[in-house]
K.L.:
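Here it is, the structure, as structure tokens.
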Amino acid sequence: MIALNNAQRDAVLKGDGPALVLAGAGSGKTRVIVERIAHLVAEKGVDARNILALTFTNKAAQEMSHRVAARLGVERFGGWLGTFHSFGLYVLRRDIDKLGRPKQFTIFDDADQLSLMKKLIKDLGAQAASLSPRDVLSWISNYKQDIATPDMAPSAQPGENAKRVLWTRYHEALQRASAVDFDDLLVLTARLFEEHADARQKYAERYHYVLIDEYQDTNRAQYLLARHISSVHHNIFVVGDEDQSIYSWRGANIRNILDFEKDFPNASAFRLEQNYRSTEPILKAANAVVKNNTARLGKTLWTAKEGGDPVRFYDAPDAEGEARFVVDDIVEKKLSPAQVAVLFRTNGQVRLVEEAMRRKGLAYVVVGGVRFYGRKEIKDVLCYLRLLVNPADDVSLRRVLNVPARGIGATTQDLLEQYAIARKQSLMEVLRETEMDQSIAPRARQSISDFVHLIDDLALEAKTEPTATVVDHLLERTKYREYVQQADEKDYRTRLEMVDEFRAACAQFDVKGGGGLLAFLQELSLVSDVDSWDTSLPAVTLMTCHSAKGLEFDHVYLLGLEEGLLPHASALESEDNIEEERRLCYVAMTRARVSLTLCAAKARVVFGDGIAPRETSRFVAEIPRDQLKFVGGDPGRKASAGQAPVAIVPTGGIKLGTRVWHAQFGKGTVMYTSGSGAKLRARIRFESGRSRDFMVAAAPLKVLDGDKKK
DNA sequence: GAGCGAAACGAGGAT
DNA sequence: CGTTTCGCTC
């Protein structure tokens, strides 16, 4: 392993064969990839079309693309540069038929998956009634990302049999609807390369050089994909930082980066340890936190930016005070809003900050949260459009069949579903045959017939007319605007603006002359929150720590440094999960260039119905006290190791994150507590996915100790 | 079947 | 706390 300084970094760029660049936070990771591509094209004479560069977000891809083009002095970089998911889409559009699937497919987002799973659980009846759709989906996703199939899933635990059945049905439903989910974009691509040597060969011969950013976040499917693509030319160049691995819950396997040198023999490895971003106090504090992790290859970042303000810590009396402090501080210090980010662990924390910002008249943008394409009105229109190009898509059909209300109610819908099952047809096919069906009420029959005509007319139009025109006619014929206005008298203006914005996006797509409506819809489902973030606005940026990865700001405020929030309550039960939370904290801290302010609250409303005392995060305690400047004085309060000023729970060790056993419901985790003493209440989430409130004094609860499994 | 208010439910991070 | 489902009336 060679540790590189700035001057030696060029050596990284010139070799061939597998290479791993362990690049610390702020060490110029993107620059290394940009320079490497520039070297390949400008000096080695590699045809750009033989280069494949993969990232995790469109934003990162866009930025990289601009920088490569600028570096090469061309208008557009001609190589394939984009996200793993869009590469999967690119491959599957061409070759998914080799897996026996139709080339015209829809991509289901999480809302589609959720509504499908809800229905499947309902259909399965009592056997699955206690399962939560979200838990089942993430259970499936976990196995799926390891390229498993339903028959490979475990069935020993109670409930797992039902989950296996649901997985099988989910899989069948997707196939019937000609749809794939997000995981499939990677999993099916990996499977295609595993099972079809000709397809693998085609892509592996095409891409002489494969470059991957954020390699620590790859899952098994992405790892296999990378392996197969580089199986002919063996030029795989990956850049990553094991300390910034924060997506294990999405299937990322930290072993991919830890084992790179084993997986790719003859690999060269480099370390970039100079941080060009942060001042010394910020870097020292961040290092002090992350060094407590054990799953590391080990890097010690250093910076030439000596001096600088100390990292501050403010312990607010409550969450409102925390938000107020941040806003007041930004105003008082006259910070330029565009240079400031407020970061937090959960989306729910954003509300208080927004309110405080509004009160002070400070401009802000929220990145993430409610996704544009996840909004109800957009989703409705999208589902109509999907139906036009893919009539087999039952999930979209169910969503729009009676929206706006057109007299096809629950009774009729149930009947139609039954016919669909009995005749093994799609819902749309059933609709087409009901015109003559006496068992359906005449009024409903008329409505169904009108609906079928509407879809047919628009589908025909969609073949020739611009998408924006189709959307216009769709909105007119369904009276969608009137429906929105009626359904939401408070917010209908905003909602209609959203619809207009979507129409504008369609018009833009028409002008660019994309590859048809289906391609447009497929690409839309891969648009992420950060992609639509306008960085040129003079506004403070509010986002989660996860969204902030890869970004940097002069001034960073990191909120909610409390046990249960960062580290998050759901991670408290396992040391591995705590380490990931620690990495997340490290990622957030290292976004700061000039100043870093850590905040916590002594009390906070957690789940709505009560205020709970909070312990300061263990991560704050990991920073030596002389490296922290306590705003408002050091109250002498010890973090996590000692007593919080307000006693947390005297009774039986029940507190946030405690693992308990309930006589009726089994094992669970304490999600939230309120009250104290005899009146102590706890909300407990059980392994079945259910959660319930209990009076601790009265409930048949036992505390489980030393249970570190997850 | 639609529309309304009440009750129940669910709440981590996101391509 | 915000959203979805329930249950009632028309």
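Values in this document were obtained by computation on a predicted structure and should not be read as measured data. Lettering follows sequence order; numbering is per chain, from 1.
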K.L.:
Which heavy-atom pair separates Phe108(A) from Gln113(A) by the least distance, and what is that distance?
P.N.:
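So the two residues come closest at O-NE2, 3.7 Å.
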K.L.:
For the residue pair Trp249(A) and His568(A), is the inter-centroid distance of their aromatic rings smaller than 6.0 Å?
P.N.:
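For Trp249(A) and His568(A), the ring centres are not under 6.0 Å apart.
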K.L.:
Taking NZ from Lys59(A) and P from dT15(B), how many angstroms apart are they, rounded to a whole number?
P.N.:
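Taking atom P of dT15(B) as the reference, NZ of Lys59(A) is at 12 Å.
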K.L.:
Nearest of dT15(B), dG1(B), dG12(B) to any side-chain atom of Thr346(A)?
P.N.:
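The answer is dG12(B), which lies nearest to the side chain.
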K.L.:
Is any side-chain nitrogen or oxygen of Ser547(A) closer than 4.0 Å to OP1 or OP2 of dA14(B)?
P.N.:
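Yes.
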K.L.:
Among dA14(B), dC1(C), dT15(B), which is the nearest nucleotide to the side chain of Arg351(A)?
P.N.:
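Given the options dA14(B), dC1(C), dT15(B), the side chain of Arg351(A) is closest to dC1(C).
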K.L.:
Taking any heavy-atom pair under 4.0 Å as a contact, classify Phe56(A): base, sugar-phosphate, or nothing.
P.N.:
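Result for Phe56(A) = sugar-phosphate.
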K.L.:
Gln349(A) CD to dC1(C) P: how many Å, rounded?
P.N.:
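In whole Å, dC1(C) P and Gln349(A) CD are 16 Å from each other.
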K.L.:
Considering residues at least two apart in sequence or located in another chain, which fulfil the salt bridge (charged side-chain N to carboxylate O under 4.0 Å, His left out) criterion with Arg591(A)?
P.N.:
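For Arg591(A) there are no salt bridge (charged side-chain N to carboxylate O under 4.0 Å, His left out) partners, ignoring immediate neighbours.
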K.L.:
Would you say Trp249(A) stacks on dG13(B), if stacking means ring centres under 5.5 Å apart and planes within less than 30 degrees?
P.N.:
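Here the ring of Trp249(A) and the base of dG13(B) are stacked, with centres under 5.5 Å and planes under 30°.
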K.L.:
Does Arg134(A) place a side-chain N or O at less than 4.0 Å from the phosphate oxygens OP1/OP2 of dA11(B)?
P.N.:
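Answer is yes, contact under 4.0 Å.
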K.L.:
Locate the shortest heavy-atom distance separating Asn577(A) from Ser570(A); write the atom from each residue and the value.
P.N.:
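It is ND2-O, 4.2 Å.
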K.L.:
Whole angstrom is fine here: how far is it from CZ in Arg345(A) over to C1' in dA14(B)?
P.N.:
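It is 12 Å, rounded to the nearest whole Å.
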K.L.:
For Gln413(A) and for Ser525(A), find the nucleotide of DNA chain B with the closest heavy atom, then tell me which residue's nucleotide is more 5'.
P.N.:
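Upstream on the strand: Gln413(A).
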K.L.:
According to the 5.5 Å centroid and 30° plane-angle thresholds, does His568(A) stack upon the nucleobase of dG12(B)?
P.N.:
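Yes; centroid distance and tilt both under limits.
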K.L.:
Only counting residues at least two apart or in another chain, list the ones meeting salt bridge (charged side-chain N to carboxylate O under 4.0 Å, His left out) with Asp213(A).
P.N.:
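Not a single residue meets the salt bridge (charged side-chain N to carboxylate O under 4.0 Å, His left out) criterion with Asp213(A).
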K.L.:
Is any side-chain N or O of Thr544(A) closer than 4.0 Å to OP1 or OP2 of dA14(B)?
P.N.:
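Checking Thr544(A) against dA14(B): at least one side-chain N or O falls below 4.0 Å of OP1 or OP2.
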K.L.:
I'd like to know if Arg495(A) and Asp380(A) make a salt bridge, using a cut-off of under 4.0 Å between side-chain N and carboxylate O.
P.N.:
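No salt bridge links Arg495(A) with Asp380(A).
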K.L.:
Under 4.0 angstrom, heavy atoms only, what part of the nucleic acid is Thr412(A) near: base, sugar-phosphate, or nothing?
P.N.:
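Touches sugar-phosphate only.
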K.L.:
I'd like to know if the side chain of Glu377(A) and the backbone of Leu496(A) have a donor-acceptor N/O pair within less than 3.5 Å.
P.N.:
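Judged by distance alone, no pair lies under 3.5 Å.
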K.L.:
Measure from CG on Leu565(A) to C1' on dA11(B) and round the result to the nearest Å.
P.N.:
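Checked: the CG to C1' distance equals 13 Å.
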K.L.:
Could you check how far CG of Leu114(A) sits from C1' of dT4(C), rounded to whole Å?
P.N.:
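Atom-to-atom, Leu114(A) to dT4(C), this comes out as 12 Å.
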K.L.:
Could you pull out the protein-nucleic contacts involving nucleotides 2-8 of chain B (nitrogen or oxygen on both sides, under 3.5 Å)?
P.N.:
| from | atom 1 | to | atom 2 | distance (Å) |
| --- | --- | --- | --- | --- |
| dA2(B) | OP1 | Gly407(A) | N | 2.6 |
| dA2(B) | OP2 | Asn402(A) | ND2 | 3.1 |

K.L.:
Would you mind reading off the distance between Arg583(A) atom CZ and dG12(B) atom P, rounded to a whole angstrom?
P.N.:
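For the pair Arg583(A) CZ and dG12(B) P, the rounded distance is 20 Å.
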K.L.:
Whole angstrom is fine here: how far is it from CZ in Phe108(A) over to C1' in dA14(B)?
P.N.:
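To the nearest whole Å, that distance equals 19 Å.
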K.L.:
So, do Ser617(A) and Glu562(A) sit near enough that their side-chain heavy atoms are less than 4.5 Å apart?
P.N.:
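No, too far: nothing below the 4.5 Å cut-off.
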K.L.:
Mind calculating the distance between NZ (Lys118(A)) and P (dT3(C)) to the nearest angstrom?
P.N.:
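Result: 13 Å.
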K.L.:
Heavy atoms only, 4.0 Å cut-off, all strands: where does Glu581(A) land among base, sugar-phosphate and nothing?
P.N.:
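Base, at least one base heavy atom under 4.0 Å.
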K.L.:
Using a cut-off of 4.0 Å on non-hydrogen atoms, how would the nucleic acid contact of Asn58(A) be classed: base, sugar-phosphate, or nothing?
P.N.:
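Answer is nothing: Asn58(A) stays at 4.0 Å or more from every strand.
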K.L.:
Can a side chain N or O of Asn347(A) be found less than 4.0 Å away from OP1 or OP2 on dG12(B)?
P.N.:
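No, Asn347(A) has no side-chain N/O under 4.0 Å of OP1/OP2 on dG12(B).
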K.L.:
Is Ser86(A) near enough to dT15(B) that one of its side-chain N or O atoms lies under 4.0 angstrom from OP1 or OP2?
P.N.:
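Ser86(A) to dT15(B) OP1/OP2: no side-chain N or O under 4.0 Å.
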